[in-house]
*Asks:* 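Once you've had a glance at the structure underneath, I'll fire off some questions.
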Amino acid sequence: MASLRQLRQRIKSVQNSSQIMRAMQLVSASKLKRTQVKLLRSREVMQFLDDLLQRVLAASADLSHPLCVSRKEGPCALVLFTSDAGLSGSYNTRLIQLAEAHLRRDSLSPTQLYFIGKKGYRYFTKRGFAATQAYTDLAGRFEPKKTLPIAQDLMDRFLSGKLAAIEFLYCRFVSAAVYHPTIVSWLPIQFSRQHVADSTQKISNQRSTISEPTEYIFEPSPQAIFEDLLPRWAMAKFQCILLEAFTSEHSARMIAMKNATENAQEILKTLTMQRNKIRQASITKELSEIVGTAEALKE
Amino acid sequence: MTMTLRVLTPEGLYMKEEATAIRAPGTLGYLGVLRNHAPLVTTIQPGKLTWKTTTGESHGLLLESGLMEVMRNQVTLLVDRVRPFDSSKTRSGATP
């Protein structure tokens with residue numbers, strides 16, 4: 001068994017780290033709250049744009065835009081959203097696992113890798129993957145000044161024909177404890193006609209019950225609206241996904257730090273128990289020695 | 001007899017209010033929206049959005065370009081940027 005002094009040292013160090021982890025948990029919690037508000041607002045904008053896109057598509061069949069042209073040749077791009085800082089539990093591991101599985105599946109077609117976040121960048125460059133571009137200075141903070149140029153850059157690469165498709169791999173935020181690593185395709189903007197037909201049917205069904213017209217007036221024209229709408233949609237989508245990733249990151253870190261704090265408390269409990277036992281044992285030993293000596297002196 | 005006016009920016013909802021009459025800077029010119037307007041989607045050019053609240057006050061906002069949708073007495077605008085518009089200041093400045 002360890003000596004009393006060693007135990008005291010360990011207790012002290014566990015206490016210190018538990019304090020730090022508790023502080024980190026609180027910091028993450030407040031960051032989570034802030035980004036979550038932004039995410040919900042961004043989702044609202046996305047919802048509006050999605051609905052609008054569906055309606056414009058339903059109104060006119062032959063719309064075209066460079067952002068939704070699918071090309072056969074050319075490399076695809078995978079943009080991997082990970083965190084810059086560690087200590088976030090299994091957040092990055094799960095993302096990297098999904099990325100590896102995805103890359104293995106698509107090993108035939110050339111895929112360019114883009115990284116947002118240090119962790120994914122380090123992992124893949126160490127294993128011999130070439131990073132086309134890495135953005136590692138966001139640190140979980142959403143700043144339009146830094147993030148919108150990234151989206152613009154990616155979009156330009158797509159429009160100039162250097163990339164045939166762009167996919168995002170990120171964590172979708174569900175609740176403070178739940179997030180799902182997901183892959184979504186960003187460009188070319190895809191909309192399944194089936195889905196369009198379904199949604200218009202739904203809308204017209206809704207409308208028929210309240211007897212409102214289904215015809216939309218488009219000013220100046222559906223094509224003009226479409227052209228204005230698509231870049232906005234793409235930008236909003238990027239922003240929304242970035243916020244999903246950041247919100248998941250903060251929630252993952254908060255949960256990880258909460259678990260760590262709880263574990264530290266548990267260790268602290270057993271260590272304190274041990275310390276008390278040893279202390280008690282030494283007291284008992286001393287007492288029995290004193291009593292023994294007193295008995296011996298009596299004789 | 002009101003409509004719901006929502007103004008969105010890429011950052012999220014800027015404001016939401018009940019209004020009786022709305023005037024917006026469409027690409028083809030200013031357009032007015034009253035209750036039970038036909039469903040409409042239009043692009044917005046930079047300009048001034050004005051609306052009348054249920055109490056009869058009129059308010060204004062300066063918009064940058066964007067999109068507007070009118071559907072079932074829901075008027076939603078999505079614009080790049082919004083600036084508050086101080087009507088008293090401009091009016092006194094405009095009429096010296």
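Keep in mind it's a predicted model, so treat the numbers as computed, not measured.
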*Asks:* Would you please go through residues 228-251 of chain A and name the residues with a non-hydrogen atom below 4.5 Å from one of chain B, in numerical order?
*Replies:*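 The stretch touches chain B at A/Asp228, A/Leu229, A/Arg232, A/Gln239.
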*Asks:* Under 4.5 Å heavy-atom distance to chain A, tell me which part of B/Thr9 shows up: side chain, backbone, both or neither.
*Replies:*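 The backbone, not the side chain.
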*Asks:* How close do A/Tyr216 and B/Val41 get, heavy atom to heavy atom, and via which atoms?
*Replies:*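 So the two residues come closest at CD2-CG2, 3.7 Å.
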*Asks:* Under 4.5 Å from any heavy atom of chain B, what part of A/Pro222 do you find: side chain, backbone, both or neither?
*Replies:*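 Looking at A/Pro222, nothing touches chain B.
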*Asks:* For A/Arg41 and B/Glu11, which heavy atoms make the closest approach, and how far apart are they?
*Replies:*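 Distance-wise, the nearest heavy atoms are NE-O, 3.2 Å.
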*Asks:* Answer yes or no: does atom CZ of A/Phe226 have more than 12 heavy-atom neighbours from other residues, nucleotides or ligands under 6.0 Å?
*Replies:*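 Buried by this count: over 12 neighbours within 6.0 Å.
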*Asks:* Which answer fits B/Asp80, side chain, backbone, both or neither, if we ask what part of it has an atom under 4.5 Å from a heavy atom of chain A?
*Replies:*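 B/Asp80 touches chain A through backbone and side-chain heavy atoms alike.
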*Asks:* Sequence neighbours left out, what pairs pass ring-ring contact (aromatic ring centres under 6.0 Å, His included) with at least one residue falling in residues 45-84 of chain B?
*Replies:*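 Output for this query lists B/Trp51-B/His59.
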*Asks:* Counting only non-hydrogen atoms closer than 4.5 Å, does A/Phe48 touch chain B with its backbone (N, CA, C, O), its side chain (CB onward), both, or neither?
*Replies:*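 Interface part for A/Phe48: side chain.
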*Asks:* Are the charged groups of B/Lys16 and A/Glu44 less than 4.0 angstrom apart, N to O?
*Replies:*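 No.
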*Asks:* Output the option from B/Leu67, B/Leu8, B/Thr43 having the highest count of non-hydrogen pairs under 4.5 Å with chain A.
*Replies:*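 Heavy-atom pairs under 4.5 Å are most numerous for B/Leu67.
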*Asks:* Is it the case that atom CZ in B/Arg35 sees more than 12 heavy atoms from other parts of the structure closer than 6.0 Å?
*Replies:*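 Count over threshold, so yes.
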*Asks:* I need the B/Met68 CE to A/Ile225 CD1 distance, nearest 0.5 Å.
*Replies:*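 Reported value, rounded in 0.5 Å steps: 10.0 Å.
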*Asks:* Taking all heavy atoms of B/Pro10 and all of A/Val45, pick out the closest pair and write down the distance.
*Replies:*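 Closest pair (atom of B/Pro10, atom of A/Val45, distance): O-CG2, 4.2 Å.
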*Asks:* Could you walk me through whether A/Glu219 and B/Leu31 satisfy the side chain to side chain contact (heavy atoms under 4.5 Å, CB included) test, starting with their C-alpha distance in whole Å, then the side-chain angles of each, then the deciding distance to 0.1 Å, before giving a yes or no?
*Replies:* CA-CA 11 Å; A/Glu219 263 184 30; B/Leu31 55 105; 3.8 Å; yes
